[in-house]
K.L.:
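The structure follows.
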Number of protein chains: 2
Amino acid sequence: MLRLSKLTDYATVILSFMARDKIQVHAAIEIAAVTGIALPTVSKILKSLVNANVLISTRGAKGGYILARKPQQITVATIISALEGPIALTECSISRQGCEQASGCDIGGNWSLINKTIHNALESVTLADLIRPVVVSEEVLVPVSSIYR
Amino acid sequence: MLRLSKLTDYATVILSFMARDKIQVHAAIEIAAVTGIALPTVSKILKSLVNANVLISTRGAKGGYILARKPQQITVATIISALEGPIALTECSISRQGCEQASGCDIGGNWSLINKTIHNALESVTLADLIRPVVVSEEVLVPVSSIYR
DNA sequence: ATTAAATAGGACTAGAATAGTCCTGAATTA
DNA sequence: TAATTCAGGACTATTCTAGTCCTATTTAAT
Ligand code: FES
Ligand code: FES
């Protein structure tokens, strides 16, 4: 289905909340309360985002999490790879070796091109775009029927 | 990891073989032998491709599978959705209702835009492109280091 | 007709990945 | 010192994927 994991989806929800809120520092328990996501899960996600340098954490009383950069500087690609690892459709997109599909697959180069295109698409959208009030013009929505041709 | 399922990968291997071969009709068992993929698995994939109108099947002795269209008219997007269903990163990319993430996610419209971009990327590459001898210019390969920023 | 070749459809199992929880330790503040 | 809050990792349960298999149907050849 080529879809994002649930955790990545949660991450965008959490980050959107943090980006929108005037207050800078948010504790995990607070984010859990606001978003409705269970605390342990929120915690796990926040840790991943810290490791990816999207958030900065402060321990101890009055501690919490804060955005490491401005929303305009946090791309969707970054968020996805923070939670799911490298963005790569096929094995050979990551490393040329180690793939070697059952005899005869030699299409690595072309997949890389596709992969690069997708990566660019995800790089071009930032957290700031996600929280921008949506202008839902009908033309922008993907017509589901067109998915099957 | 935002990656294709193994079955989809197999499908591209199978279709590449079929597109390259001069002979039109191929039985499942023959494809299994050539590609090295187990027969039951090959069978399963071929059935999905028939349902998606990518292949046409003929039953009985001397039967088999044949491409339903020219390789230039079979897009990667079609192959992927044949095996994995609609290409959609988030739930709300498919249907606006039914999503309603834990309180406060209202980013559907922007995701749709991203989704459309990716869909277009996958639409723009066909089976004919995949079997074209790869010109592996180094600039085209995705630098893995750039995946983490 | 009969037999052999081949796909259709779906049920089923095993394995892997994901989602979610929990515990223990370390840092910071009051 | 006590309370708060994150770090890191282990662990479980659930869901999804991959892979297999069985029975029915269709077609061709004899
Ligand atoms: S998927 Fe890697 S060579 Fe084909
Ligand atoms: S993922 Fe659907 S509304 Fe946010």
Side-chain angles (χ1 to χ4, degrees), chain A residues 1-11 13-14 18 24-33 35-68 80 82-86 88-91 101-102, chain B residues 1-11 13-14 18 23-33 35-68 80 82-85 88-91 101-102:
Chain A
M1 228 227 266
L2 193 67
R3 77 158 186 284
L4 264 39
S5 75
K6 243 187 202 174
L7 294 182
T8 305
D9 204 345
Y10 291 162
V13 173
I14 291 171
M18 292 181 74
Q24 301 282 307
V25 181
H26 297 279
I29 194 170
E30 181 202 344
I31 294 172
T35 61
I37 304 167
L39 175 59
T41 303
V42 167
S43 244
K44 187 181 193 174
I45 294 166
L46 291 172
K47 286 172 200 168
S48 297
L49 292 171
V50 167
N51 286 331
N53 293 111
V54 173
L55 295 179
I56 293 172
S57 63
T58 319
R59 293 207 226 189
K62 306 262 173 174
Y65 297 88
I66 186 175
L67 292 181
I80 293 175
L83 276 290
E84 311 188 21
L89 295 180
T90 56
E91 289 307 317
Q101 217 47 264
Chain B
M1 227 226 267
L2 193 66
R3 77 158 185 283
L4 263 39
S5 77
K6 242 188 201 174
L7 293 183
T8 305
D9 204 345
Y10 291 162
V13 174
I14 291 171
M18 293 180 75
I23 300 166
Q24 301 282 305
V25 181
H26 296 279
I29 195 170
E30 181 202 344
I31 294 172
T35 60
I37 304 166
L39 176 57
T41 304
V42 167
S43 243
K44 187 181 192 174
I45 294 166
L46 291 172
K47 286 172 201 169
S48 297
L49 292 171
V50 168
N51 286 331
N53 293 111
V54 173
L55 296 178
I56 293 171
S57 64
T58 319
R59 295 210 227 188
K62 306 264 175 171
Y65 297 88
I66 186 176
L67 293 181
I80 293 175
L83 275 290
E84 312 187 21
L89 295 180
T90 57
E91 289 308 317
Q101 216 48 266

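Not measured: the values here are computed from a predicted model.
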K.L.:
Given D/dC16, D/dA7, D/dT20, identify the nucleotide with an atom nearest to the side chain of A/Val50.
P.N.:
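My answer, after comparing the listed nucleotides, is D/dA7.
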K.L.:
Not counting sequence neighbours, which residues clear side-chain contact (heavy atoms from CB on, under 4.5 Å) with A/Thr41? List them please.
P.N.:
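Checked A/Thr41 against side-chain contact (heavy atoms from CB on, under 4.5 Å); matches are A/Leu7, A/Tyr10, A/Ile37, A/Ala38, A/Ile45.
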K.L.:
Round to a whole Å and report the spacing from CD1 of A/Ile37 to P of C/dT18.
P.N.:
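Result: 18 Å.
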K.L.:
For nucleotides 22-30 of chain C, read 5' to 3', which letter fits each nucleotide if B means a protein heavy atom sits under 4.0 Å from the base, S means only the sugar-phosphate is that close, and - means neither?
P.N.:
---BBBBS-
K.L.:
To the nearest Å, how far apart are B/Leu39 CG and C/dA8 C1'?
P.N.:
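Computing the B/Leu39:CG to C/dA8:C1' distance gives 14 Å.
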K.L.:
Search all heavy atoms of A/Ala27 against all heavy atoms of A/Gly63 and return the closest pair with its distance.
P.N.:
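Answer, listing the atom of A/Ala27 first, then A/Gly63: CB-O, 4.3 Å.
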K.L.:
What nucleotide, of C/dA19, D/dG19, D/dC6, holds the atom closest to the side chain of A/Ala28?
P.N.:
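Selected nucleotide (nearest to the side chain): D/dC6.
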K.L.:
Specify the closest pair of heavy atoms between A/Gly64 and A/Val25, including all atoms of both residues, with the distance to one decimal.
P.N.:
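Answer, listing the atom of A/Gly64 first, then A/Val25: CA-CG1, 3.8 Å.
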K.L.:
What integer distance in Å separates B/Tyr10:OH from D/dT20:C1'?
P.N.:
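In whole Å, D/dT20 C1' lies 13 Å from B/Tyr10 OH.
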K.L.:
In whole angstrom, what separates A/Glu84's CD from C/dA17's P?
P.N.:
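In whole Å, C/dA17 P lies 14 Å from A/Glu84 CD.
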K.L.:
Looking at A/Ile66, I want to see if its CD1 is surrounded by more than 12 non-hydrogen atoms of other residues, nucleotides or ligands under 6.0 Å.
P.N.:
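Correct, the count exceeds 12.
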K.L.:
Could you tell me how far apart A/Glu30 (CD) and D/dT4 (P) are, to the nearest whole angstrom?
P.N.:
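Checked: the CD to P distance equals 15 Å.
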K.L.:
Can you measure A/Ile45 atom CD1 to C/dT18 atom P for me and round it to whole angstrom units?
P.N.:
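Distance, rounded to whole Å: 14 Å.
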K.L.:
Got a second to check how far A/Thr35's OG1 is from A/Glu30's CD, nearest 0.5 Å?
P.N.:
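That separation rounds to 10.0 Å.
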K.L.:
Note the angle between the end axes of the helix from C/dA1-D/dT30 to C/dA30-D/dT1, five pairs defining each, rounded to 10 degrees.
P.N.:
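Here the local axes at opposite ends form an angle of 10°.
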K.L.:
Looking only at side-chain N and O atoms, does A/Lys6 come under 4.0 Å of OP1 or OP2 in C/dG20?
P.N.:
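Answer is yes, contact under 4.0 Å.
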K.L.:
Over how many whole Å does the gap from A/Ile56 atom CD1 to D/dA7 atom P extend?
P.N.:
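Roughly 12 Å, once rounded to whole Å.
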K.L.:
Can you find a side chain N or O atom of A/Tyr65 that sits less than 4.0 Å from OP1 or OP2 on D/dA7?
P.N.:
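Looking at the OP1 and OP2 atoms of D/dA7, one of them is under 4.0 Å from a side-chain N or O of A/Tyr65.
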K.L.:
Are any of B/Ser57's side-chain N or O atoms less than 4.0 Å away from OP1 or OP2 of C/dA8?
P.N.:
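So the side-chain polar atoms of B/Ser57 do come within 4.0 Å of the phosphate oxygens OP1 or OP2 of C/dA8, strictly under.
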K.L.:
So, applying side-chain contact (heavy atoms from CB on, under 4.5 Å) with B/Leu46, which one of B/Ile14, B/Asn51, B/Val54 is it?
P.N.:
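Option passing the side-chain contact (heavy atoms from CB on, under 4.5 Å) with B/Leu46: B/Ile14.
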K.L.:
Do B/Val50 and B/Ile56 have side-chain heavy atoms sitting under 4.5 Å apart?
P.N.:
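Result no, sub-4.5 Å side-chain heavy-atom pair not found.
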K.L.:
Could you check whether any side-chain N or O of A/Glu84 sits under 3.5 Å from a backbone N or O of A/Ser5, counting only pairs where one atom can act as donor and the other as acceptor?
P.N.:
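Such a contact is found between A/Glu84 side chain and A/Ser5 backbone.
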K.L.:
State, to 0.1 Å, how close B/Met18 and B/Tyr65 come at their nearest heavy-atom pair, and which atoms those are.
P.N.:
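What the structure gives for the nearest pair is CE-O, 3.5 Å.
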K.L.:
Rounded to whole angstrom units, what separation is found between the CG atom of B/Asp9 and the P atom of D/dA18?
P.N.:
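Spelled out: CG on B/Asp9 to P on D/dA18 is 10 Å.
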